[in-house]
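To start, the structure itself, in structure tokens.
Each residue takes its place number in the sequence, starting with 1.
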Amino acid sequence: MLTKQGINPESGFDIPWGSSTGRHGPTRRIPMLCGLLVLAMSGLPIGAAIADTRYQVLELGDTVERATGPVELLSLDADAAITLRALRAFGKLPDEFNRLALSLRGSGIDLFAAGEKEVEALLGQVRAGSLSADAEALERLLQLLRQRDYLDWQPLTEGEQVRLSDTTRLRGQGRALLQPESGEPLLFDSHLGVQALSDLRAMDTDVKGLPTPAVALSSRDEEIRVYWHERLDEAREAGWLYMDGEPEFTPLPGDQLRVVLPAVSLRTPLDLGPHQGIMLMLDSPVMTLDMGHAARPAFEIRLPASIPVHDRDGDEVGLFTMGRPVLTGVWARDLDTLLKVTVDTGPMQLGMRPEPSSQPSALKGADVPLPGRDELEQFAAEGLRLTLDLAQGSDGRFKGPLEMQLLGLTAKSVHGIVPLRLGAVTLKADYQDLDLVALNQLTEQLGDDPEVLFLQDPEGFFSRMITAMGVGGTELGISDLEIRNPDGAGEMHLALARLGSRWLSSGPERLERDLQIALSMENWRFEDDEMRFGLDALAVEGGLQRISPVTLFKLGLASAMGGELPEEEVLRLSQSLVGGFRLSVDLKGGGVQMPTGSSEGGERMEVGHFSFGLDGTDLDTPTPGLKLAYRHQDVTQILADMNPLPEGLFPGLVEINLSATGLPAGMLADDALMTQIRTGQVDVMEALITQLISNASLLALDKVLIDMPAGRISMNGRGTAERLSAEEAGMLAGTLNIEVRDLDALAEQWAAQAGHEDERRQIRQMAAFLKMMGEPRQEGSGETVHVFRIKADTRGEITVNDNDLAPLLEGFGG
């Protein structure tokens, strides 16, 4: 860092500042002098003559630049000796990176000693969370080093002659064909980044004088060329890939193969009709394959930084740009699938033209305008990051994560309105126990002759497919979402939403699977002219246990084949389709208000807490079970037009917990019994009670609580089916305990909402009868609670508080 006294002592020297500030004064000479000292101390020759050759620019596509100096930095660059300290000494390091280096000094990192590889490693640590630093500043620094922005650059022009040397660097947005004074032409390809002369591809010329690749492909490279030609042909036949010519395959040093595609057009999945959609136009993307492991080569794909967007008429309607248009990964040729992928695009932007351009294009179709392009002008994102990393274990199966992040997405209209903001979208997947070898084989078998395969052994094929697919889970997350109606009529805000699922094995040596699903949302708000809706938190969890994919496949296959299964067969298969289910909902702080125009806020309904749970167990047995849990608390009055209850009887708290075991599902699969019931040979109620008795069925009412402003009702009980005797049929029996607080107040509220005096009188008489049957109990608060202990036995006798109910009913009726 330059100080008033001179260069920071870290550089190893100090030169005093002069007083001149003229064009050639000390302030202009000092950075160059410092750079020369750095060069001298590095042991490199200063001012040594470097052999150069004159080249003529035969052909030029787009813009290509050559580095003209400083000569000393070109020498350092040729020896891969560029560091931030050297750039600072030559006055080529922007001030922001001096500040970045000082901020990293506290972490024990000497950024001034770093070059491109070291900066890239530091950026990786920041992204991984193991280092705290300004990631965006490190990205800008890495871009400066990769693009050699510290050099002086001059554009080439077609037909000119230039002197180039071993230290010369070229960069640009297109291609340049350079003819030396003697020898074969050299081809510069901008998709490979900044290049030296030694990196350029030598070209031969054919009988017409046109350049052709100079190096023939080996037998292995030719095999790879045939393979990728087949893959590209498949994409072209599918209709989403177009190429203006055939790809070029060129071997490179280091056992690599470079594939240069001609101008490529991609049809996006956005199809709004038979003649609609958009096209992405890619100018000569480049793929580099590392052929060290030919069956599963590592690859790098470099796309253009700017990609024009065309409509189906061929008119250019927008431009898509990326900061880092590079994709790397590993392709398993033997499995026909990706194993590893890494993408980090940097800033992205899609700009749409308000009106189509008049530029001609060969892509002509139906004259259909792109919907919405006259309204939305720009989509922008901070970046897209994607990682796939599948690894093969000793058992031959694969596992690994897939992670994707889309950060800082915004949409802007032509009028400057931002109708969409999105903090982040994240997608995470965890793959386990994947048998990619078996999946590839099964897919090939299915493609060869699917009809024969399904006719021979459909169940076996599907079982092998389920086993090969393994298990795993996914999670989708959305944060800080804002959507606004461009006309200002409504808006929505969502702080956080997550949707996750897990697909697990039900147990060892089993084909059944368990499915788990979870949804959660936080701070969801919606408002328009008609309604205002708010939700603080929502959680939904559910799942299915012991799903039988083979049974599902059998039912689906029978339907697809057009045959109708007998009803008893459908019932039998359905009983083994799933072993259980679970659903739970938990809501906090929800409310609806309508309309919103008045200062009073209009009518509204709010829920402080709501929960619901429903579980089914042993559904794949003749005696399944069921559990229900319900609770709501702090519920305000329902909207007036919908509210059937007076305020005093509107429950602010309701709790219900019940369970049932040994349910009579088995009788549904008993063909003989169901036939007897349908023909009237067996009474359905008698058959049902017999089934309940044999299952030892139980209905447990663990808790029912209804709390109202005027009073409270609570109850619990149990119900069973019991046999009267060995000779007699069975009947239902059970107990029910009920407690009512403030019975008089509840009766008065009930009577007050009655429409006629006779109805009110009947309500009061009923309340008096209930008070007579109940046992009063004084609470500590002074309130009176009436208790009712109800019992029903298999003889049909019912008692209330040990008193036979029949005489009481007769007396009430008299």
Side-chain angles (χ1 to χ4, degrees), residues 100 116-147 191 193 266 268-269 280 282 285-288 298-307 320-331 337-351 378-391 398-411 420-431 472-482 494-501:
L100 179 63
E116 180 180 339
K117 292 183 178 179
E118 291 78 13
V119 171
E120 187 173 9
L122 290 174
L123 182 57
Q125 294 180 36
V126 173
R127 289 174 178 166
S130 59
L131 175 65
S132 177
D134 188 341
E136 293 183 357
L138 280 172
E139 287 180 353
R140 289 192 293 272
L141 176 58
L142 184 59
Q143 188 72 6
L144 177 140
L145 295 172
R146 284 177 174 170
Q147 294 297 319
H191 295 92
L266 299 177
T268 72
L280 301 180
L282 284 68
V286 173
M287 177 168 63
T288 303
F299 66 86
E300 177 184 82
I301 299 177
R302 289 182 175 268
L303 303 175
S306 299
I307 301 175
F320 177 64
T321 61
M322 291 179 286
R324 287 183 296 275
V326 181
L327 183 149
T328 61
V330 173
W331 174 267
T337 188
L338 287 165
L339 295 181
K340 299 181 186 295
V341 177
T342 301
V343 178
D344 187 356
T345 65
M348 299 190 304
Q349 182 171 299
L350 173 60
Q378 182 188 92
F379 292 90
E382 296 175 10
L384 173 68
R385 297 170 184 170
L386 174 66
T387 302
L388 172 67
D389 189 6
L390 295 179
F398 290 81
K399 65 178 181 179
L402 168 68
E403 296 185 10
M404 186 203 76
Q405 277 189 312
L406 178 63
L407 305 173
L409 176 66
T410 59
L420 171 67
R421 292 184 190 274
L422 180 60
V425 176
T426 61
L427 173 64
K428 296 182 180 180
D430 177 30
Y431 300 105
T474 61
E475 180 180 303
L476 174 66
I478 298 176
S479 62
D480 299 326
L481 173 63
E482 295 183 12
L494 177 63
L496 181 65
R498 287 194 182 96
L499 175 62
S501 66

Do the non-hydrogen side-chain atoms of Leu406 and Met348 ever get within less than 4.5 Å of each other?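 Of all side-chain heavy-atom pairs linking Met348 with Leu406, at least one is under 4.5 Å.
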Below 4.5 Å, heavy atoms only, C-beta onward: do Leu327 and Leu303 meet side chain to side chain?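 The answer is no; the side chains never approach within 4.5 Å.
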Can you measure from [atom1] ([X]) to [atom2] ([Y]) and round to the nearest 0.5 angstrom?
X	Y	atom1	atom2	answer
Met322	Asp344	CE	CG	11.5 Å
Glu475	Thr426	CD	OG1	6.5 Å
Arg324	Arg385	CZ	CZ	7.5 Å
Asp134	Arg140	CG	CZ	6.0 Å
Ile478	Arg498	CD1	CZ	11.5 Å
Gln349	Thr410	CD	OG1	8.5 Å

For a side chain to side chain contact (heavy atoms under 4.5 Å, CB included) check, start with the C-alpha distance between Arg421 and Asp480, then their side-chain angles and the critical distance, and finish with the verdict. CA-CA 8 Å; Arg421 292 184 190 274; Asp480 299 326; over 6 Å; no
Quick one: closest heavy-atom pair of [X] and [Y], and the distance?
X	Y	answer
Leu422	Ser479	CD1-O, 3.6 Å
Pro304	Pro325	O-CB, 3.7 Å
Val330	Phe299	N-CE2, 3.4 Å
Ala137	Leu100	CB-CD2, 4.1 Å
Ala424	Leu407	CB-CD2, 3.8 Å
Leu338	Leu388	O-CD2, 3.9 Å

Thr474 vs Leu499, test: side chain to side chain contact (heavy atoms under 4.5 Å, CB included). Steps then yes/no. CA-CA 8 Å; Thr474 61; Leu499 175 62; over 6 Å; no
Mark yes when over 12 heavy atoms from residues, nucleotides or ligands other than Lys340 sit less than 6.0 Å from its NZ; otherwise mark no.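 Check passes, neighbour count above 12.
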Where do Glu116 and Leu142 land on the side chain to side chain contact (heavy atoms under 4.5 Å, CB included) test, with the steps shown first? CA-CA 6 Å; Glu116 180 180 339; Leu142 184 59; 4.0 Å; yes
Backbone N or O of Gln125 within a donor-acceptor pair of the Ser130 side chain at under 3.5 Å?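 Present.
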Under the side chain to side chain contact (heavy atoms under 4.5 Å, CB included) rule, what do Val126 and Leu138 come out as? Steps first, then yes or no, please. CA-CA 9 Å; Val126 173; Leu138 280 172; 3.7 Å; yes
